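See below for the structure under consideration.
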Protein chains: 2
Amino acid sequence: MTKKISKSVPQPTIRRLPSYLQVLNELKNKGGSYVSSSFIAGQLQLEAIQVRKDLSATGVTGQAGVGFDVAELIKHIEEFLGWDNTHDAFLIGCGNLGAALIGYEGFKDSGLNIIAGFDVDKSKIGKMFAGKLVFDLEKLGNLVSRMHINIAVLAVPPRQAQDAACYAVSCGIKAFWNFTPVQLEVPEGIIVERVGLESSLAVLSSRLKEQLKAEKVKR
Amino acid sequence: MTKKISKSVPQPTIRRLPSYLQVLNELKNKGGSYVSSSFIAGQLQLEAIQVRKDLSATGVTGQAGVGFDVAELIKHIEEFLGWDNTHDAFLIGCGNLGAALIGYEGFKDSGLNIIAGFDVDKSKIGKMFAGKLVFDLEKLGNLVSRMHINIAVLAVPPRQAQDAACYAVSCGIKAFWNFTPVQLEVPEGIIVERVGLESSLAVLSSRLKEQLKAEKVKR
DNA sequence: TAGATTGTTAATCGATTAACAATC
DNA sequence: TAGATTGTTAATCGATTAACAATC
């Protein structure tokens with residue numbers, strides 16, 4: 001019988017962890033050494049109890065009456081997320097969005113390091129984007145196995161997304177960070193995390209619509 | 001006594017609506033005229049009952065035994081989200097990410113049209129990005145009032161995010177689509193929707209970590 | 001009519017919030 | 001000790017899922 005080590009941590013909790021890290025790092029830079037859950041909560045407009053629940057879900061403990069050790073907490077959360085050791089990744093698709101992603105330094109803090117780009121467009125192959133070389137997509141398999149890369153950042157045009165994903169899987173890619181709007185179909189065991197820009201935009205739009213309606217009523 | 005017109009639609013529902021639109025549009029292009037909730041669900045790996053609940057939350061009704069009229073459903077959802085009439089927006093910050101956003105055609109389907117960029121970098125001002133002109137940030141107030149723009153897409157470096165937001169509010173901006181990692185502080189009534197790339201990456205990381213651990217155990 | 005599918009009402013599940021004893 | 005803060009257990013809230021009558 002396998003012991004289930006822990007009820008898996010709720011996704012909402014996982015999604016909040018990076019924002020905690022952000023607050024903690026800022027605090028650390030300012031020289032703070034202890035934080036309370038209520039401080040973190042205040043910074044992020046959350047409730048202290050939620051912060052405590054989230055933190056405890058990852059398995060850290062604080063000190064009653066004192067709070068959490070900032071440095072230790074950062075280390076713990078990063079470990080929990082797997083952000084403590086950097087994952088190298090390949091970028092597939094070096095168009096507008098791809099260029100932005102490959103040049104974005106911020107991912108380093110999240111343990112993601114895009115080390116090269118791939119494209120089918122001959123005019124891009126061999127060029128450098130933000131100091132990173134663009135290879136012919138045909139070389140993907142070769143480089144995946146040689147460099148032991150698991151993660152692909154997918155930023156191709158929607159039409160090509162599914163084909164590119166299939167091909168990448170055949171090359172040995174294990175996880176996709178999918179920036180296309182396409183729902184990828186992948187074999188069991190392959191991880192896909194889609195960045196839903198439209199979801200976010202939908203929330204914005206509907207809130208704005210409500211707001212504008214409310215203002216109209218007032219007048 | 002004010003009649004509360006409707007319990008506000010749950011955010012998870014709003015976030016799923018764009019994916020329904022995607023399926024519907026694809027279907028429409030193929031000439032389909034009716035869909036069932038179970039078809040949509042199948043395409044997106046959801047449950048039919050959830051699709052029905054979501055749709056009914058927006059106020060559409062289908063036909064028992066038949067399904068939903070595709071064209072009508074598209075129109076309805078777009079209306080619900082406010083995607084039926086395009087919102088013009090300004091981009092603030094024309095770096096890597098900004099350049100990608102200003103050039104991304106896909107937002108048009110979501111009712112967002114970025115019509116110009118703004119930056120403080122003199123070397124960018126006056127240049128065109130994807131056919132759109134970059135203005136000096138100082139001109140923002142002038143152009144916001146002249147063109148009646150409500151929305152700013154914020155893609156400046158983190159350090160400058162809060163200042164830029166304050167300035168934009170003073171210029172008349174009502175809603176921010178915030179691509180920076182910063183928690184913006186804004187006056188009451190100003191809308192901020194943050195795109196949490198790190199949240200998404202956190203989910204990917206933790207899933208990958210689990211997966212790799214599971215594989216290790218098996219071997 | 002028979003089969004398919006909606007939409008409502010109720011049941012379940014999971015996440016958030018509250019209360020409070022334990023502890024530094 | 002007094003004040004602050006954690007972490008657990010229980011209560012509440014909201015979203016998802018199930019069941020099924022209504023209807024095309």
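Quantities reported herein were computed from a predicted structural model and do not represent experimental measurements. Letters A, B, ... are given to chains in the order of the sequence lines, protein chains preceding strands, and every chain is numbered from 1.
Distance CZ (R15(A)) to P (dT16(C)): 12 Å, rounded to an integer number of Å. Between the C1' atom of dT8(D) and the CG atom of L55(A) lies a distance of 15 Å, rounded to the nearest Å. In this structure, L17(B) places its CG atom 14 Å from P of dA15(D), rounding to the nearest Å. The interatomic distance linking I14(A) (CD1) with dA15(C) (C1') rounds to 14 Å, in whole Å. Spacing between atom CG of L73(A) and atom P of dG7(D) amounts to 10 Å, rounded to whole angstrom units. What separates CD of Q50(B) from C1' of dC13(C) is a distance of 13 Å, to the nearest Å. Across the protein-nucleic acid pair, D54(A) atom CG and dA15(C) atom C1' stand 10 Å apart, rounded to whole Å. Here the C1' atom of nucleotide dT6(C) and the CD1 atom of I40(B) are 13 Å apart, to the nearest Å.
Residue contacts for S38(B): at a heavy-atom cut-off of 4.0 Å it reaches no nucleic acid atom on any strand shown. Looking at heavy-atom distances under 4.0 Å, S56(A) makes no contact with the nucleic acid at all. Heavy atoms of T61(A) sit under 4.0 angstrom from primed sugar atoms or phosphate atoms, though from no base atom.
OP1 or OP2 of dA15(C) has not a single side-chain nitrogen or oxygen of R16(A) nearer than 4.0 Å. Between S37(A) and dT6(D), a side-chain N or O to OP1/OP2 separation shorter than 4.0 Å is present. Taking only side-chain nitrogens and oxygens, R52(A) never comes nearer than 4.0 Å to OP1 or OP2 of dC20(C). The phosphate of dT6(C) has neither OP1 nor OP2 within less than 4.0 Å of any side-chain N or O from Q63(B).
A donor and an acceptor atom sit less than 3.5 Å apart, one in the side chain of K53(A) and one in the base of dT17(C).
Note that CD1 of I190(B) and NZ of K174(B) are 6.0 Å apart. Values are rounded to the nearest 0.5 Å. Taking CG of L44(A) as the start and CD1 of I40(A) as the end, the distance is 8.0 Å to the nearest 0.5 Å.
Two residues, E47(A) and A64(A), neighbour DNA chain C, and the one matched to the more 5' nucleotide by heavy-atom proximity is E47(A). In terms of position on DNA chain D, the residue among I49(A) and G65(A) whose nearest nucleotide sits closer to the 5' end is G65(A).
Side-chain proximity of S36(A) to dT6(C), dC24(D), dT6(D): nearest is dT6(D). Listed candidates were dT6(D), dT17(C), dG7(C). Nearest to the side chain of F68(B) is dG7(C).
The aromatic rings of F107(A) and Y104(A) sit perpendicular, their planes meeting at an angle over 60°, well past the 30° parallel limit. In this structure, W177(B) and F179(B) have perpendicular ring planes: the angle between them is above 60°, well past the 30° mark.
No more than 12 heavy atoms of other residues, nucleotides or ligands shown are found within 6.0 angstrom of NZ on K28(A).
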Dot-bracket for DNA chain D, 5' to 3', counting Watson-Crick or G-U wobble pairs under 3.5 Å, with [ ] for crossing pairs and | for inter-strand pairs? ..||||||||||||||||||||||

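Closest approach of C171(A) to V144(A), counting heavy atoms only: O-CG1, 3.2 Å.
Proximity of F90(B) to V153(B): side-chain heavy atoms (C-beta onward) are nowhere separated by under 4.5 Å.
Between K108(B) and E105(B) there is a salt bridge, since a side-chain N of the basic residue sits under 4.0 Å from a carboxylate O of the acidic one.
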